[in-house]
Amino acid sequence: MKIVAYFVIFLGCVSGIAMAEIPISNATKECVDCHSSFHPGIVEDWKNSRHTLFSPGTSMKNKGAARKISAVSVPNNLANTAVGCAECHTLNAESHADTFNHNGYKVHVVVTPKDCSTCHTEESAQFEQNLMSRAYGNLASNNVYQDLQRGVLGEMVRKDNKILYYPPNESTAGESCYYCHGTKIEVKGLQKRETLVGTMEFPKLSGWPNGGVGRINPDGSKGSCSACHTRHSFSIEMARKPHTCKECHTGPDVPSYKVYSASKHGTIYDTMNSEWDFRTVPWTIGKDFAAPTCAACHVSLLTNPEGDVVAKRTHRMNDRLSWRIFGLFYAHPRPKSPDTSIIRNKDGLPLPTDFDGGFASEFLITENEQKARAQTMQAICLSCHAKAWVDGHRQRYENTIRQSNASIAVATGMMNDIWKKGFAKGIRQGESMFDEAIERKWCDTWLFYGNTIRFASAMSGGGDYGVFADGRYQLTQSIAEMQDWLNLRLQLFSGREAVNDNGKFKMQSAK
Ligand code: HEC
Ligand code: HEC
Ligand code: HEC
Ligand code: HEC
Ligand code: HEC
Ligand code: HEC
Ligand code: HEC
Ligand code: HEC
């Protein structure tokens, strides 16, 4: 029999319940007793969380949507106490490379999706199918994207009037690209630290701190649930509010939040949300909120006031998406696998589209699947809008995908000519495609302007973002400037033959 200590927790902040008495395990009591003086911020945040409100066993008794535990069963030793420090930080100790001996317990610092899956099985399994959980590898294992990364983050050295790029160091990478995409966290031995209760030994972690969505954890699992459910409140309210997504989806390359906050939906959210209910499950359209947030359109379980399900919850957040509007280099149907590093286009490059705009279709969802996913999304719109409004929006969006891709084809065709003529050295010469000024101008067209136009159209944030704020104005201007740049060189070097071009693409080898 396990000894269980009783611990009174005041739950003034949790709606509906004034006070509850939850048994907490002896192990957790020890952690709390000591940590409440070292880390009061952590302990108080945890006390206010739902993890101290119901034990997994009690929670399992709930039926239907109200049940927050998706596991079929929870191990006996976890069933009857609050989910406390020890329950999370000692779970699966043997599979964690970051496990260390700590006051008689085998504790790990990084609590992973695999740990959460003990109770939240479905969310964790779905998140594995989410692009986000692969965001580290999708960047680190793709040599075209590594080329872009080196051009942006690399250490620059000037030699013979040329700029050379060396790979970025770990600290730079950890606070830039991998801040959002997630780092690879590795244990680099143990280190002793003086604390107020004596010398203690802790694991030394590289790639830490990090809360990126696709980080590689010391137990081999991928991603971080605390990217959206920050520790230690793990709140659904936070995840449903758009600021949570803003941290990473804000642009100018990925301007979801900017266009949302400038849209009517964002305006209604900003002005009215203090009257909405962000905690109740399921989330009832009209009753609990009057305009959608990111979560409502992409993640949440939504019902109508009669209780009928309008959309199922998904942590595989591509279930409602048909196009990948983030141009690589063109918008394209969404990838089939969350691991995009396996994609090859017709030139053998790890890209979902060709230079001329063709799709690497074998790796992308079919047109039928696109239609089905669009309908799943539209079912949500139809709870607040009439069909003509929703169809009109979709028709404009499809038009924007076609038109913006056509503009990117003009820019990319021109860039290809520039490489062919040797005015810049890129993929045709086995050199970087992203390190010269004219190449960057071409990047601006698809990475910033093409994307912003499409995001504005998709998320109804029309206004400035589709036009003058990184929109159509800048896109057309950049293409005109590229043409000017090329014309000038054609005049200066007329008659000169193409340099170094054997007609084949080859990637720059990793330095
Ligand atoms: C006797 C006091 C004491 C007890 C008991 C205790 N801790 Fe700690 N713990 C500390 C101190 C002190 C630190 C280091 C604080 C600092 O960084 O200076 C620490 C650090 C940690 C860290 C962060 C490690 C790192 O890499 O920085 C975690 C996670 C942790 N404790 C979890 C737990 C858990 C879970 C329990 C219960 C099973 C527990 N602790 C019990 C005192 C204690
Ligand atoms: C529901 C699981 C869960 C519970 C319960 C929990 N933790 Fe954590 N803890 C986490 C997660 C997740 C992180 C964030 C680390 C990460 O990103 O993986 C974390 C981080 C920490 C850290 C490192 C924070 C930092 O910023 O350096 C400490 C220390 C810690 N927890 C102590 C505690 C203590 C003490 C308790 C009990 C009062 C507790 N934890 C309860 C999941 C949990
Ligand atoms: C030992 C089981 C267990 C583990 C491990 C666990 N949880 Fe929970 N979780 C619970 C229980 C119990 C509840 C409250 C259920 C209820 O209200 O009925 C809960 C509730 C939640 C909620 C809903 C909060 C709200 O505001 O409605 C979120 C989000 C959550 N957990 C995330 C996590 C994350 C992320 C991890 C891993 C870092 C994790 N949990 C680990 C058992 C667990
Ligand atoms: C502020 C957060 C953030 C930072 C910093 C960031 N990214 Fe991203 N990245 C994202 C988001 C969000 C997406 C998904 C875009 C979408 O689909 O809307 C993404 C997607 C990508 C993709 C597509 C990957 C695929 O195949 O699915 C590439 C490539 C990429 N980013 C490259 C980079 C590079 C290179 C850097 C650093 C120079 C970087 N990112 C920095 C947030 C970030
Ligand atoms: C810590 C950074 C971060 C946060 C916070 C974040 N995202 Fe992401 N998100 C990313 C990155 C990076 C990608 C792209 C990964 C890739 O392409 O490899 C992405 C991709 C996505 C995708 C495409 C998923 C797929 O499987 O196709 C959706 C949808 C999305 N995010 C929605 C959201 C929403 C909604 C929120 C807030 C509730 C959010 N994100 C919070 C970084 C983040
Ligand atoms: C990109 C943001 C994001 C990430 C990452 C994320 N979640 Fe969530 N999660 C959400 C949103 C948004 C909701 C609210 C869904 C709703 O309204 O139905 C939610 C809801 C939940 C709930 C509440 C379920 C309920 O019935 O109340 C649990 C439990 C949960 N998530 C667990 C996890 C776990 C475990 C992970 C990691 C494997 C995770 N989440 C990662 C955004 C995220
Ligand atoms: C009114 C519903 C709605 C709201 C609110 C909304 N979105 Fe979207 N989102 C869409 C639609 C529609 C698409 C395009 C779907 C398609 O292609 O079929 C989309 C596409 C996306 C994508 C995919 C990008 C890519 O590269 O393919 C991401 C990521 C995303 N939204 C994130 C967010 C974030 C973050 C927020 C909040 C700041 C948000 N969305 C708010 C409806 C919405
Ligand atoms: C919870 C209700 C709700 C949902 C769900 C919803 N909307 Fe809206 N939407 C509104 C409200 C309210 C307005 C403001 C109408 C007005 O101007 O009076 C609005 C405005 C709009 C606008 C007008 C923007 C402008 O100012 O011209 C568009 C376009 C739009 N929605 C499209 C969509 C699409 C597409 C979806 C689904 C992907 C969707 N909405 C989902 C409530 C909703």
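FYI, the numbering just counts along the sequence from 1. In listed order, ligands and their atoms are each counted from 1. Because the structure is a prediction, the values reported are computed rather than measured.
Residue contact check for ligand 2: Gly84 places a non-hydrogen atom closer than 4.0 Å to it. Within the 4.0 Å heavy-atom shell around ligand 3 one finds His229. Remark: distances from the non-hydrogen atoms of Met317 to ligand 6 include one below 4.0 Å. Ligand 3 is approached by Val83 to a heavy-atom distance shorter than 4.0 Å. In this structure, Val74 falls outside the shell of residues with a heavy atom less than 4.0 angstrom from ligand 3. Between Val281 and ligand 6 there is a heavy-atom distance shorter than 4.0 Å.
Because the distance cut-off is set at 2.8 Å, Cys88 fails to qualify as a neighbour of atom 8 (Fe) of ligand 2, as none of its N, O or S atoms comes that close. Not a single N, O or S atom of Cys85, from either the backbone or the side chain, sits less than 2.8 Å from atom 8 (Fe) of ligand 2. Residue contact annotation: His120 places an N/O/S atom under 2.8 Å from atom 8 (Fe) of ligand 3.
At a 3.5 angstrom cut-off on N or O pairs, Lys68 counts as close to ligand 6. Between Trp208 and ligand 2, not a single N/O pair is under 3.5 Å apart. Considering backbone and side-chain atoms together, Arg313 places an N or O closer than 3.5 Å to an N or O of ligand 6. Some N or O of Leu301 is nearer than 3.5 Å to an N or O of ligand 6, by distance alone. The shortest N or O to N or O distance between His51 and ligand 2 is not under 3.5 Å. Distances between N or O atoms of Trp46 and those of ligand 2 include no value under 3.5 Å. An N or O contact shorter than 3.5 Å is missing between Ser55 and ligand 3 by distance.
When every heavy atom of Ala458 is checked against every heavy atom of Tyr397, the shortest pair comes out as CB-CE1, 3.5 Å.
When non-hydrogen atoms are compared, ligand 3 lies under 4.0 Å from the side chain of Leu91 (C-beta onward) but not from its backbone. With a heavy-atom cut-off of 4.0 Å, Arg215 touches ligand 2 through its side chain alone. Residue contacts with ligand 3, taken as heavy atom pairs separated by less than 4.0 Å, do not involve Arg279 at all. If you look at Ile236 next to ligand 3, the close heavy atoms, those under 4.0 Å, come from the backbone and the side chain alike. Under 4.0 angstrom from ligand 6, the non-hydrogen atoms of Ser224 all belong to its backbone. Within the 4.0 Å heavy-atom criterion, both parts of Cys116, backbone and side chain, lie near ligand 3.
In summary, the aromatic rings of His332 and Tyr330 are positioned with their centroids too far apart to meet the 6.0 Å limit.
Here the heavy atom of the protein found nearest to atom 41 (C) of ligand 6 is His315 CD2, 3.6 Å. Closest protein heavy atom to atom 27 (O) of ligand 2: Arg231 NH2, 4.5 Å. Here the protein heavy atom with the shortest distance to atom 37 (C) of ligand 6 is Cys225 SG, 1.9 Å. Cys228 SG, 2.7 Å is the protein heavy atom nearest to atom 1 (C) of ligand 6. The shortest contact between atom 14 (C) of ligand 3 and any protein heavy atom is with Arg50 O, 3.9 Å. When only non-hydrogen protein atoms are considered, atom 24 (C) of ligand 3 lies nearest to Phe234 O, 3.2 Å. In terms of protein heavy-atom proximity, atom 11 (C) of ligand 6 is nearest to Ala239 CB, 3.5 Å. Looking only at protein heavy atoms, the nearest one to atom 15 (C) of ligand 3 is Ser59 OG, 3.2 Å.
Less than 4.0 angstrom separates some heavy atom of Ser124 from each of these atoms of ligand 6: 35 (C), 38 (C). Interface of His35 with ligand 2, defined as ligand atoms under 4.0 Å from a residue heavy atom, comprises 35 (C). Of all atoms in ligand 3, numbered sequentially from 1 with element shown, those under 4.0 Å from a heavy atom of Phe54 are 12 (C), 16 (C), 17 (O), 18 (O). Every atom of ligand 2 with a heavy atom of Val110 under 4.0 Å away is listed here by number and element: 18 (O). Interface atoms of ligand 3 facing Ile69, defined by a heavy-atom separation under 4.0 Å, are 11 (C), 12 (C), 42 (C). Which parts of ligand 6 touch Ser300 is read off a 4.0 Å heavy-atom cut-off, strictly below it: atoms 15 (C), 16 (C), 17 (O), 18 (O). Less than 4.0 angstrom separates some heavy atom of Val111 from each of these atoms of ligand 3: 38 (C). For ligand 6, the atoms lying closer than 4.0 Å to a non-hydrogen atom of Met132 are 1 (C). Close approach to Ala295 involves these atoms of ligand 6, each under 4.0 Å from a residue heavy atom: 12 (C). Near Ser235, the atoms of ligand 3 lying under 4.0 angstrom from a non-hydrogen atom of the residue are 26 (O). Those atoms of ligand 3 with a heavy atom of Cys119 less than 4.0 angstrom away are 1 (C), 2 (C), 3 (C), 4 (C), 5 (C), 42 (C), 43 (C).
Salt bridge absent: Glu237 and Arg240 never bring a charged side-chain N and a carboxylate O closer than 4.0 Å.
A donor-acceptor pair shorter than 3.5 Å can be found between the side chains of Thr284 and Thr303. Under the 3.5 Å distance criterion, with hydrogens and angles disregarded, no donor-acceptor pair is assigned to the side chains of Glu170 and Tyr178. A donor atom on one side chain and an acceptor atom on the other are not found under 3.5 Å apart for Arg324 and Thr340. Checking Asn368 against Thr366 by side-chain atom types alone, no donor-acceptor pair falls below 3.5 Å. His96 and Asp115 share a donor-acceptor pair across their side chains, judged by distance under 3.5 Å alone. Lys106 and Asn101 are linked by a side-chain donor-acceptor pair at a separation below 3.5 angstrom, with hydrogens and angles left out of the test. Between Asp288 and Thr280, the side chains place no donor N or O within less than 3.5 Å of an acceptor N or O (distance only, hydrogens not considered).
Within the model, atoms CD of Gln126 and CE of Met317 stand 9.0 Å from one another, a figure rounded to the nearest 0.5 Å. Note that CG of Asp98 is 8.0 Å distant from CD1 of Ile185, once rounded to the nearest 0.5 Å.
Using bins of under 30°, 30° to 60° and over 60° for the plane-to-plane angle, the ring pair His35/Phe38 lands in the perpendicular bin. Aromatic ring pairs are classed by plane angle as parallel below 30°, tilted from 30° to 60° and perpendicular above 60°; the pair Phe234 and His51 is perpendicular.
The nearest protein heavy atom to atom 22 (C) of ligand 6 is not closer than 4.0 Å. Distance screen at 4.0 Å: atom 17 (O) of ligand 2 has a protein heavy-atom neighbour inside the cut-off.
Relative to the six-membered ring of Phe278, Lys241 meets both conditions, a distance below 6.0 Å and an angle of at most 45° to the axis. No cation-pi contact links Arg454 to Trp323, judged by a cut-off of 6.0 Å to the six-membered ring centre and 45° from its axis.
Within the set Ile42, Ile185, Val109, Asp98, the minimum heavy-atom distance to atom 28 (C) of ligand 2 is found for Ile42.
Angle subtended at atom 8 (Fe) of ligand 2 by His89 NE2 and His232 NE2: 180°, rounded to 10 degrees.
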